[in-house]
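Reviewing the structure listed below.
Counting starts at 1 for both ligands and their atoms, following the listed order. Because the structure is predicted, anything quoted here is derived from the model rather than measured.
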Amino acid sequence: MIRSLRAQLALWHGGLLAVMLILLASLIYIALRQVLSSLADAALQDYADTTARNIAAAIYQAETLAPQRKQSPKERNIVDKGVVTDYWKTATSWGRFVQVDDPLGFPVALSDTLKTDHFRDQPELRNRILSHQERVTFETLTGKDSVPYPMRVVTVPVELGARIPFLVRVGAPVEGVEEAIARVQTLLLVLTPSIFVIALAGGWILVGRSLKPVDEMTRAALSIESRRLDVRLVPPRTDDEIGRLASALNEMIARLDRSFRQTERFTADASHELKTPLTTIRGEAEVALMGDLAPEKVRATLHSIVEETERLSEIVNNLLLLSRADADQIRLKHEPVALDQIAMQAFEPMERLAHRKTITLDIAAMEEITVSGDGLWLHQLITNLIHNAINYTPEGGEVTLSLVRDAELAVLKVWDTGPGIPPEHLPYIFDRFYRVDSGRSRDQGGSGLGLNIARWVVESHRGTLTAESTPGEGATFTVRIPAIHDK
Ligand code: ADP
């Protein structure tokens with residue numbers, strides 16, 4: 001088993017090419033051989049047929065010129081042979097080897113070219129023609145068959161009605177055809193392996209070139225560790241499969257990088273967040289243990305400890321909620337809910353809190369709008385937003401809620417007259433544990449998770465949550481969720 005993709009591809013490519021080349025060369029060779037031989041045979045037969053026809057015509061003429069003399073077969077034979085001999089006085093063989101045999105196989109006439117040798121009698125072929133089994137026969141004679149060099153010989157009858165007085169045999173050296181074929185053969189034998197070697201080398205180089213980025217990517221990938229995810233594979237400049245693979249891997253590494261960083265930051269923030277109340281609790285408890293405190297002091301200390309514990313469990317609850325949301329373990333309902341009713345249900349309990357801070361809580365608009373979603377989570381969302389607004393608005397301020405329809409969307413706004421959010425903080429307030437002023441905000445009971453949960457709820461309802469603010473004049477939080485058409 002070869003483990004290099006380069007070698008495998010090159011071998012496959014080479015192997016296929018070799019098979020095709022061999023096939024092609026054999027086809028060319030066979031086809032050429034057939035075409036050349038049949039062309040040569042046809043020319044040979046053409047000449048033989050013409051000669052036979054001419055002789056037949058001459059014999060016919062000689063016999064019809066002397067019809068009055070009743071000839072015996074023997075006499076006729078003599079006349080016929082005379083005709084053949086006469087014919088040869090005028091005929092030319094054009095370099096071919098021509099021989100006229102009588103039906104017994106004896107040569108009657110020979111072309112000049114055959115003066116020293118002649119074609120040996122082939123009784124079997126001769127009989128096949130004489131018995132009309134075949135009209136033409138071909139044979140290939142080698143040097144041993146009493147001819148000077150290998151020859152192709154055609155035999156055709158001289159036909160006078162059903163009578164065959166002579167056989168015409170015409171031969172031509174096969175040298176020309178064989179030489180042409182041999183040349184092509186050598187050419188193919190040299191060309192085929194050369195093309196194969198060139199293509200194999202070319203394939204090896206090309207495959208190597210296109211796989212080079214893969215090797216580089218492998219090396220880069222090996223150097224990436226979980227602590228060094230900022231490294232990226234260098235994507236090849238081309239937009240081919242490998243280029244796309246590199247970019248896809250880079251995007252994947254970037255996502256992993258982001259999520260690793262997020263997890264790291266989240267763990268650090270969470271530990272820090274949990275540490276603060278724990279330190280407070282421990283400090284308070286130590287003070288209580290130290291000396292004889294008045295019972296009311298002990299009560300106050302215990303009260304404070306209970307408060308910190310409550311904060312702790314709220315943080316832990318929120319953390320649990322977020323990690324379940326991250327793991328996609330929370331199934332929200334998707335049923336029609338009247339958003340205006342939910343808003344009112346969230347609004348009312350807040351009035352007491354606002355009253356305590358002498359903040360005016362108001363409703364600017366409240367349209368009846370149905371959305372598809374989970375009533376409990378939407379209630380939690382609106383509570384969070386109003387709670388934040390009351391929390392961060394100083395005494396005497398105003399917090400207003402409105403719900404209106406805008407085309408296909410239910411638009412819920414909560415705005416206040418508080419200090420607002422500085423623009424440099426605005427993009428981050430939805431992040432986990434993010435607080436604009438951590439000291440102040442912690443005193444007010446926030447852990448920086450509320451808006452993150454709010455955004456998760458909105459996004460789970462296929463909506464958006466945005467914040468706008470003019471520092472010093474307050475902040476506006478806007479929820480947009482697709483509304484259901486009222487029938
Ligand atoms: P927290 O639990 O601290 O309130 P949130 O995620 O709800 O956390 O809010 C994140 C930060 O955004 C808050 O710490 C606060 O600084 C700022 N913030 C949220 N709502 C308001 C608002 N209505 N006015 C001013 N600042 C706000």
Side-chain angles (χ1 to χ4, degrees), residues 262 265-266 268-277 280 307-323 325-326 343 346-347 350-351 353-354 356-364 377-402 412-460 464-479:
Q262 238 170 28
R265 208 175 50 223
F266 185 68
D269 289 348
S271 326
H272 180 74
E273 216 48 54
L274 294 173
K275 214 173 121 196
T276 320
T280 317
E307 253 180 20
E308 286 296 329
T309 323
E310 270 169 6
R311 254 170 65 77
L312 263 181
S313 46
E314 197 200 309
I315 295 174
V316 170
N317 277 342
N318 282 342
L319 282 177
L320 274 178
L321 169 71
L322 283 172
S323 67
D326 282 350
F347 181 82
M350 288 290 145
E351 279 180 313
L353 186 68
R356 249 188 280 153
K357 263 190 93 177
T358 56
I359 281 173
T360 320
L361 198 54
D362 209 0
I363 291 175
W377 285 107
L378 290 170
H379 183 277
Q380 166 92 53
L381 160 74
I382 301 168
T383 307
N384 266 6
L385 294 180
I386 303 178
H387 194 272
N388 269 355
I390 296 175
N391 234 355
Y392 296 108
T393 302
E395 295 187 358
E398 269 174 45
V399 170
T400 318
L401 171 73
S402 83
L412 180 127
K413 283 184 195 264
V414 178
W415 69 92
D416 58 59
T417 56
I421 302 157
E424 66 272 21
H425 293 283
L426 213 47
Y428 306 109
I429 52 167
F430 296 105
D431 290 356
R432 288 175 189 180
F433 298 114
Y434 194 86
R435 284 177 300 223
V436 173
D437 176 350
S438 47
R440 188 189 62 175
S441 160
R442 183 175 292 120
D443 294 343
Q444 284 162 324
S447 61
L449 292 174
L451 284 181
N452 190 263
I453 295 174
R455 189 179 59 178
W456 168 74
V457 174
V458 176
E459 283 174 358
S460 301
T464 55
L465 171 60
T466 50
E468 294 137 52
S469 170
T470 315
E473 287 176 26
T476 307
F477 286 83
T478 311
V479 175

message: If the cut-off is 4.0 Å to any non-hydrogen atom of Ile429, which atoms of ligand 1 fall inside it?
response: 10 (C), 12 (O)
query: Which of the listed options, Ile421, Asn384, Thr393, holds the heavy atom that is closest to atom 26 (N) of ligand 1?
result: Ile421
query: Is any N or O atom of Phe477, backbone or side chain, closer than 3.5 Å to an N or O atom of ligand 1?
result: no
task: Working to the nearest 0.5 Å, report the span between CG of Leu312 and NZ of Lys275.
output: 13.5 Å
query: Where does the angle between the aromatic ring planes of Tyr434 and His425 fall among parallel (under 30°), tilted (30 to 60°) and perpendicular (over 60°)?
result: tilted
query: Where the closest heavy atom to atom 11 (C) of ligand 1 is concerned, which of Phe430, Trp415, Phe433, Tyr434 has it?
result: Tyr434
message: Pairs of nitrogen or oxygen atoms closer than 3.5 Å, one from Arg435 and one from ligand 1: do any exist?
response: no
field: Polar atom proximity, Asp416 to ligand 1 (N or O, under 3.5 Å)
entry: yes
Ionic contact status for Glu273 with Arg435, cut-off 4.0 Å: yes
task: Give me the ring orientation class for Trp377 and Trp456: parallel if the planes are under 30° apart, tilted from 30 to 60°, perpendicular past 60°.
output: perpendicular
field: Distance filter under 4.0 Å to Gly450 heavy atoms, resulting ligand 1 atoms
entry: 5 (P), 6 (O), 7 (O)
- prompt: Can you list the atoms of ligand 1 that are under 4.0 Å from a heavy atom of Gly420?
  reply: 25 (C)
- prompt: Any nitrogen or oxygen of Gly448, main chain or side chain, under 3.5 Å from a nitrogen or oxygen of ligand 1?
  reply: yes
message: If we ignore hydrogens and angles and just use 3.5 Å, is the side chain of Thr393 paired with the main-chain N or O of Ile390 as donor and acceptor?
response: no
- prompt: Which residue, Thr383, Leu401, Val399, forms the side chain to side chain contact (heavy atoms under 4.5 Å, CB included) with Phe347?
  reply: Leu401
query: So is Leu451 polar-close to ligand 1, meaning N/O to N/O under 3.5 Å?
result: yes
- prompt: Name the one of Asp362, Leu385, Thr400 that satisfies side chain to side chain contact (heavy atoms under 4.5 Å, CB included) with Trp415?
  reply: Thr400
